[in-house]
Amino acid sequence: MSSDKSFAKLPGFRDFVPADLALRTRIFDAWRRVCGRYGFMEYDGPPLEPLGLYVEKSGPEIVKQLYTFADKGGREVALRPEMTPTLARILAERSRGMAKPIRWFSIPQLFRYERSQRGRLREHFQLNADIVGEAGIGADAEVAAVAIDGVRALGLGEEDFVARVNDRRLVNAVLDELGVAEGRRAACLAVIDKAGRAGPAKTRAGLEALRIGDAATGALSDLVADGSWERLRDRFRSSHAVLAAMQPLAEHREILEAMGLGGYLRFDFTVVRGLAYYTGIVFELFDRAGEMRAICGGGRYDRLLELVGGEPLPAVGFGMGDVVLGELLRDRGIAPGAGAQCDDYVIWVEPEQRSLGMHLARGLRREGRAVLYGLKTLGVGKQLRGANRLGAARVLIIGPDEAASGTVTVRCLASGRQETTTLKALLGGRGSEAGANPAERRSTVPGSTEVGGR
RNA sequence: GUGGGCGUAGCUCAGUCGGUUAGAGCGCCGGAUUGUGGUUCCGGAGGUCGCCGGUUCGAAUCCGGUCGCCCACCCCA
């Protein structure tokens with residue numbers, strides 16, 4: 001419900017109640033797991049940066065979309081809208097002594113000041129994984145594999161998402177071949193980039209408005225409508241430059257196919273990415289079923305570190321947000337449940353047995369089990385109800401009889417069966433039928449898929 | 001920033017030719033059940049109808065403004 005009380009949370013910002021945080025945590029865990037398998041190390045930086053860091057790279061226009069203010073020392077600062085400039089700054093200061101290539105990742109919270117909409121808020125978390133110091137295609141493929149596996153680790157597969165791949169150099173070669181003037185390049189890329197959403201007619205109109213000539217307009221319209229690899233090769237079979245520019249993507253695909261990830265790849269001439277700093281292969285991960293929402297985007301940016309004042313190092317990386325991904329998982333019904341962990345629920349029949357119950361709970365918790373019980377005196381029926389609601393695997397009942405004989409009645413909620421065990425046996429680690437091994441149960445994350453497990 | 005749609009209970013929503021104390025389902029709490037849960041039955045709590053103002057004898061309902069959410073545009077990190 002909305003409210004205009006000044007305490008209400010800011011538009012586009014989120015509260016994370018346990019169910020929401022559980023989903024976020026699952027996403028983060030999957031990302032960290034995958035990055036770790038690829039040998040990436042985690043880093044972080046300040047959420048607040050000098051405004052100039054972003055103006056430098058993206059121009060003054062971007063300031064309108066940032067959270068900016070002057071701090072008490074009069075410095076113009078901004079909440080970070082992306083991580084790459086921070087990474088570039090960090091490396092500019094200290095990359096000289098570091099072994100290359102550098103494989104780093106981070107999961108920063110990022111901010112942007114613009115009207116929020118589905119999948120796009122004013123605040124989000126984004127996995128950033130980058131390889132710095134390696135210009136070879138192997139790094140491009142490696143980073144794409146991390147992105148794909150980062151989504152797969154959450155239980156999505158080939159039927160759920162696709163990686164659309166292109167190369168800036170290839171697009172430039174095509175524009176060259178078609179004789180598009182240098183001054184029209186940027187505008188031309190913008191039209192191509194929008195082609196997927198705008199449709200063929202609008203795209204053609206957009207191209208015509210650029211006055212790049214009928215031949216070029218026609219050729220680009222064709223490519224946008226059917227930009228398949230084969231068509232591109234046929235169309236430019238006589239252009240040495242274009243054919244040469246297709247080589248890196250061919251090698252890129254070859255590597256990923258060998259990794260078993262070829263099924264995710266789709267060449268797409270309309271993927272150029274808005275950012276000016278991309279210089280080579282670019283890619284985006286898209287949801288197949290939905291409105292083809294972008295899950296992730298990235299590519300090669302070989303000049304960026306230089307621009308921020310570092311040594312000239314080639315780099316390639318991507319950013320993947322938690323918002324669209326979280327929505328996808330919810331849509332697919334593979335988001336985690338909201339319930340608390342409860343391995344054992346301890347019930348005492350009379351207040352006199354509470355101390356014994358506490359002793360038992362203490363011992364079980366020491367073994368790593370999640371143990372709950374009623375915090376006030378209630379009937380056994382009520383307590384069982386509480387245990388059921390919490391999804392307890394076992395219920396441990398201590399009444400006068402058990403107390404007198406040093407035993408515990410162990411009830412399995414799922415089967416309804418119960419048996420009597422000695423207190424000593426329970427605390428000795430020998431459990432009964434249900435939930436006897438909580439550590440094992442907890443490590444099995446529903447919906448998770450191991451890399452290469454498909 | 002522009003245009004459109006929508007704001008009623010914790011959730012999903014009924015309810016408008018303006019008319020007593022604003023409803024349902026689910027959820028929540030209590031009871032039926034003082035040593036045995038899930039099902040069932042009974043009961044209860046919970047809403048300044050987003051907010052402010054206007055019209056009216058009377059507004060959830062009509063009008064204006066405002067805030068928020070959603071969609072499209074813009075932009076994409």
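Residue numbers begin at 1 in each chain, while the letters A, B, ... track the order of the sequences. All heavy atoms count here, side chains included; hydrogens, waters and symmetry mates do not.
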- Task: Not counting sequence neighbours, which residues clear side chain to side chain donor-acceptor pair (under 3.5 Å) with A/Gln353? List them please.
- Result: A/Glu350
- Write down the distance separating the C1' atoms in B/rG46 and B/rC28, rounded off to the nearest Å. 9 Å
- Message: Applying a 4.0 Å non-hydrogen cut-off, can you work out what A/Arg120 is touching in the nucleic acid: base, sugar-phosphate, or nothing?
- Response: base
- Query: Rounded to the Å, how far apart are A/Glu114 CD and B/rC70 P?
  - Reply: 13 Å
- Task: Could you tell me whether A/Gly298 contacts a base, only the sugar-phosphate backbone, or nothing, with contacts defined as non-hydrogen atoms closer than 4.0 Å?
- Result: nothing
- Query: What distance separates A/Tyr43 OH from A/Trp104 CH2, expressed to the nearest 0.5 Å?
  - Reply: 8.0 Å
- Note on the structure: Side-chain contact check for A/Gln126: nearest option of B/rA77, B/rG35, B/rG37 is B/rA77
- Message: Taking side-chain contact (heavy atoms from CB on, under 4.5 Å) as the criterion, tell me which of A/Leu285, A/Val162, A/Val323, A/Asp160 meets it with A/Ile295.
- Response: A/Leu285
- Task: Sticking with atom P, work out how far B/rA9 lies from B/rG3, rounded to a whole angstrom.
- Result: 29 Å
- Query: CD of A/Glu419 versus C1' of B/rG35: gap in Å, rounded?
  - Reply: 18 Å
- Task: Taking A/Asn166 for its side chain and A/Val272 for its backbone only, find out whether a donor-acceptor pair lies under 3.5 Å.
- Result: no
- Message: When the P atoms of B/rC41 and B/rA24 are compared, how many Å lie between them, rounded to an integer?
- Response: 16 Å
- How long is the line joining CD of A/Gln109 and C1' of B/rA77, in whole Å? 15 Å
- Task: Would you indicate what A/Ile347 reaches in the nucleic acid, counting non-hydrogen atoms under 4.0 angstrom: base, sugar-phosphate, or nothing?
- Result: nothing
- Message: Once hydrogens and angles are ignored, does a donor-acceptor distance under 3.5 Å link the base of B/rU2 to the side chain of A/Arg115?
- Response: yes
- Task: Select base, sugar-phosphate, or nothing to describe what A/Gly399 touches, counting heavy atoms under 4.0 Å on all strands.
- Result: base
- Message: Is it the case that the side chain of A/Arg362 and the backbone of A/Gly357 share a donor-acceptor pair, with hydrogens and angles ignored and the cut-off at 3.5 Å?
- Response: no
- Tell me whether the centres of the aromatic rings in A/Tyr264 and A/Phe161 are closer together than 6.0 Å. yes
- Message: Ignoring hydrogens and geometry beyond distance, is the side chain of A/Arg385 in donor-acceptor contact with the base of B/rG38 at under 3.5 Å?
- Response: no
- Query: Hey, which of these two, A/His124 or A/Pro11, hits RNA chain B nearer its 5' end, going by closest nucleotide?
  - Reply: A/Pro11
- Task: Find the distance A/Arg112:CZ to B/rA77:C1' and express it as a whole number of Å.
- Result: 7 Å
- Query: Mind checking the C1' distance from B/rU16 to B/rG10? Whole angstroms is fine.
  - Reply: 26 Å
- Message: Any base atoms under 4.0 Å from A/Glu402, or only sugar-phosphate, or nothing? Heavy atoms, all strands.
- Response: base
- Message: Output the rounded distance in Å from CZ (A/Arg411) to C1' (B/rG35).
- Response: 11 Å
- Message: By nearest atom, which of the nucleotides B/rG35, B/rC70, B/rG30 is closest to the A/Ser116 side chain?
- Response: B/rC70
- Atom pair CZ (A/Phe16) and OG1 (A/Thr25), whose distance is rounded to the nearest 0.5 Å: 9.0 Å
- Would you kindly check if the NZ (Lys) or CZ (Arg) of A/Arg24 is within the cone defined by 45 degrees around the ring axis of A/Phe125 and under 6.0 Å from the six-membered ring centre? yes
- Message: Once you apply a heavy-atom cut-off of 4.0 Å, does A/Gly386 come out as touching a base, just sugar-phosphate, or nothing?
- Response: nothing
- Query: Between B/rA14 and B/rA72, how far is it from one P atom to the other, in whole Å?
  - Reply: 22 Å
- Query: Looking at B/rG35, B/rA77, B/rG30, which one has an atom nearest to any side-chain atom of A/Leu66?
  - Reply: B/rA77
- Message: Distance check, C1' atoms only: B/rC13 and B/rG58, in whole angstrom units.
- Response: 27 Å
- Message: Closest-nucleotide mapping onto RNA chain B: is A/Arg389 or A/Ile398 further toward the 5' terminus? I mean the 5' end.
- Response: A/Arg389
- Task: Test ring-ring contact (aromatic ring centres under 6.0 Å, His included) on A/Tyr373 and A/Trp348 and set out the steps.
- Result: CA-CA 9 Å; A/Tyr373 36 77; A/Trp348 43 90; 5.7 Å; yes
- Please state the C1' separation for the pair B/rA77 and B/rG65 - nearest whole angstrom. 36 Å
- Item | Strand RNA chain B in bracket notation, Watson-Crick/G-U under 3.5 Å with | for pairs to another chain | (((((((..((((.....[...)))).(((((.......))))).....(((((..]....))))))))))))....
- Query: What is the distance, rounded to the nearest whole Å, between atom NZ of A/Lys382 and atom P of B/rG35?
  - Reply: 14 Å
- Using the C1' atom as the reference point in each nucleotide, state the distance between B/rA45 and B/rG35 in Å, no decimals. 30 Å
- Task: Please confirm whether any donor atom in the side chain of A/Gln418 sits under 3.5 Å from an acceptor in the base of B/rU36, or the reverse.
- Result: yes
